[in-house]
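Structure, as structure tokens:
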Amino acid sequence: MFVSATQDFRQHQTTAHLAQTMSFLALPIAELETKLLTELDENPALELVEELRCPGCGKRLAHGLCPTCAAPRGDDAPVVYLSQHDPLGFRALDGDEGEPREIKTPERLDEYILRQVGPALSSAERPIAAYLLAQIDDNGFLTESPAEAAVFQRAPLATVERVLALIQRADPPGICARTPEAALLIQLECLADDAPRGRQLPTSTMFILARAIIRDHFERLAKCEYTRIAHRLHVPRTAVEAAARFIQRNLTPYPARAFWGEGKAGGNDDGAALIAPDVNISMLTQRPDGPLLIEVFAPLAGWLRVNPEFKAVLAECSETEREKWAPVVERATLITKCVQQRNHTMRRLMALIAAEQRDFILGGDGDLRPLTRARVAKALGVHESTISRAVAGKFAALPNGRIVPLARFFDRSLSVRDRVRCLVETETRPMTDDEIAAALGDEGIRVARRTVAKYRNMLGILPANVRARVGRLRVDAVYQLAPI
DNA sequence: CTATGGCACGGATT
DNA sequence: AATCCGTGCCATAG
């Protein structure tokens with residue numbers, strides 16, 4: 001049925017239709033949902049029938065799983081099943097068995113800060129604050145200079161700086177700084193302001209020393225070169241060590257992480273725990289060699305279609321009325337077909353990925369095999385850009401609970417990075433990048449020394465000479481991420 | 001002299 | 001056409 005639907009679809013495509021299809025494919029599930037909800041709202045010809053059907057055979061179902069289609073067909077072919085239920089929990093799966101999950105609305109960092117500084121701002125300053133907050137990256141750093149912001153907002157530089165100062169002192173202190181150093185310095189000031197309020201406070205010389213270290217010797221601080229710093233500042237080494245400990249315990253160079261800290265503590269990965277997956281991959285049976293079950297999530301439970309009653313009424317009304325409503329019906333059919341097409345492509349894509357990257361899905365990062373979008377496009381007989389759109393911005397939930405971006409299936413170097421991590425973890429004495437490169441060569445992985453250095457940095461592993469000094473710490477672990 | 005990071009180039013990928 | 005990635009070269013710190 002999917003095939004015939006697709007062919008029918010292709011025959012009626014115009015250029016405009018094609019563009020629509022692609023834009024649907026590119027939408028992650030959350031955006032598809034809002035899109036569909038507004039379409040349903042605006043288009044009277046479109047309706048959502050709250051009745052579940054098996055996407056494979058079209059049979060009506062009491063719940064989402066059609067036994068015939070979900071049954072293992074063969075152990076090598078992954079089974080594909082299009083889920084009709086909504087992982088976001090906006091609708092119950094079924095009357096009795098579906099307890100709708102809580103809608104997770106993690107508070108946005110920018111809103112959180114805006115609420116804090118809002119009262120202190122004039123109506124003219126508020127848009128500036130919003131603009132600045134929109135320019136922060138994942139680590140909480142401002143990505144452009146106040147001067148640039150002033151130009152864009154057509155505001156006096158002094159005003160921008162005033163707003164910025166307020167933001168930087170709001171709750172994750174140091175947010176919107178431009179560098180880690182600046183963030184630390186701001187946090188230090190905040191801490192000094194707070195100190196009189198009865199917290200265990202270090203001496204003021206400690207503050208002064210800490211500030212000097214951060215401002216003038218940040219690089220050396222990161223490398224734990226305390227002796228050198230002590231020498232330059234003409235203070236005892238122990239004082240520098242004490243200051244470093246103070247900094248590590250009370251400040252964080254990445255202010256945004258203090259904010260997300262609680263939320264992503266469980267999912268050790270890249271904070272993806274809060275993201276609703278577009279696809280779920282699980283094991284259909286307990287057998288490790290059994291088939292994989294793939295669910296491509298649809299954002300709404302039910303069956304999207306053109307309202308047949310609407311069509312019937314339309315057929316009987318006057319010519320002018322029909323002229324008026326025809327485009328609406330046309331759009332409704334287009335929407336349904338776009339959704340079908342999106343599902344179709346996603347299913348085929350995920351089936352191929354699952355077959356190709358089975359080891360990675362069931363195993364770990366080291367088992368990822370090289371895979372390019374181009375190869376997938378060829379195998380599926382679609383254009384490369386189609387795959388790119390399908391992959392971009394979407395996430396898959398793996399059987400072991402990790403939620404990873406689809407792009408990870410195409411990561412060329414993940415398995416090598418994993419080997420690097422493994423080598424460093426098991427090393428007896430710190431290996432230099434050259435030695436690591438050689439060790440990888442012995443395993444048949446040919447990489448340049450320079451590349452090892454890059455991977456090492458990505459992994460947050462310090463250089464060999466520093467590891468000799470401080471042991472195996474991650475870069476950001478050098479500053480213990482402790483909330484103030 | 002060795003280890004490493006920065007810059008930038010070329011080729012692959014999207 | 002734009003972007004990403006691995007790598008070579010060179011400067012710098014130890």
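Residue numbers begin at 1 in each chain, while the letters A, B, ... track the order of the sequences. Worth knowing before you read on, the calculation uses all heavy atoms, side chains too, and leaves out hydrogens, waters and symmetry mates. Please read these numbers as outputs of a predicted model, since none were measured by experiment.
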- State whether A:Y455 places a side-chain N or O below 4.0 Å from either non-bridging phosphate oxygen (OP1 or OP2) of C:dC5. no
- Please state how far atom CZ in A:R450 lies from atom P in B:dT2, giving the value in whole angstrom units. 18 Å
- Task: Would you mind classifying the nucleic acid contact of A:A464 as base, sugar-phosphate or nothing, using non-hydrogen atoms under 4.0 angstrom?
- Result: sugar-phosphate
- Within this structure, what is the CZ-to-P distance between A:R456 and B:dA3, rounded to whole angstrom? 12 Å
- Item | Interatomic distance where CG belongs to A:N457 and P belongs to B:dG6 [whole Å] | 8 Å
- Item | Selected nucleotide, minimal atom distance to A:S388 side chain, candidates B:dT14, C:dT7, B:dT4 | B:dT14
- Query: Once you round it to whole Å, what is the distance between P of B:dT14 and NE2 of A:H383?
  - Reply: 13 Å
- Using whole Å, report how far NZ of A:K454 lies from P of B:dA8. 12 Å
- Item | Cation-pi geometry met for A:R342 and A:F24 (6.0 Å, 45°) | no
- Under 4.0 Å: is that the gap between some side-chain N or O of A:S413 and OP1 or OP2 of C:dG6? yes
- Item | Presence of salt bridge, A:D411 and A:R408, under 4.0 angstrom | no
- Message: Between A:E384 and A:K378, does any NZ, NE, NH1 or NH2 come within less than 4.0 Å of an OD or OE carboxylate oxygen?
- Response: no
- Query: Contact class for A:R412 vs. all strands (heavy atom < 4.0 Å): base, sugar-phosphate, or nothing?
  - Reply: sugar-phosphate
- Message: Check the phosphate of B:dT14 against A:S385, side-chain N and O only, distance under 4.0 Å to OP1 or OP2. Yes or no?
- Response: no
- Over all atoms of both residues, closest heavy-atom pair of A:D367 and A:G363: OD2-CA, 3.4 Å
- Task: May I have the distance from A:M458 (atom CE) to C:dT7 (atom P), rounded to whole angstrom?
- Result: 12 Å
- Task: Identify, between A:M431 and A:R373, the residue whose nearest nucleotide on DNA chain B lies closer to the 5' end.
- Result: A:M431
- Task: Can you see which heavy atom on A:I461 is nearest to which on A:V424, and at what distance?
- Result: CG2-CG1, 4.0 Å
- Item | Whole-Å distance separating the CD atom of A:E384 from the P atom of C:dC4 | 17 Å
- Atom CG of A:D411 to atom P of B:dT13: distance rounded to whole Å? 13 Å
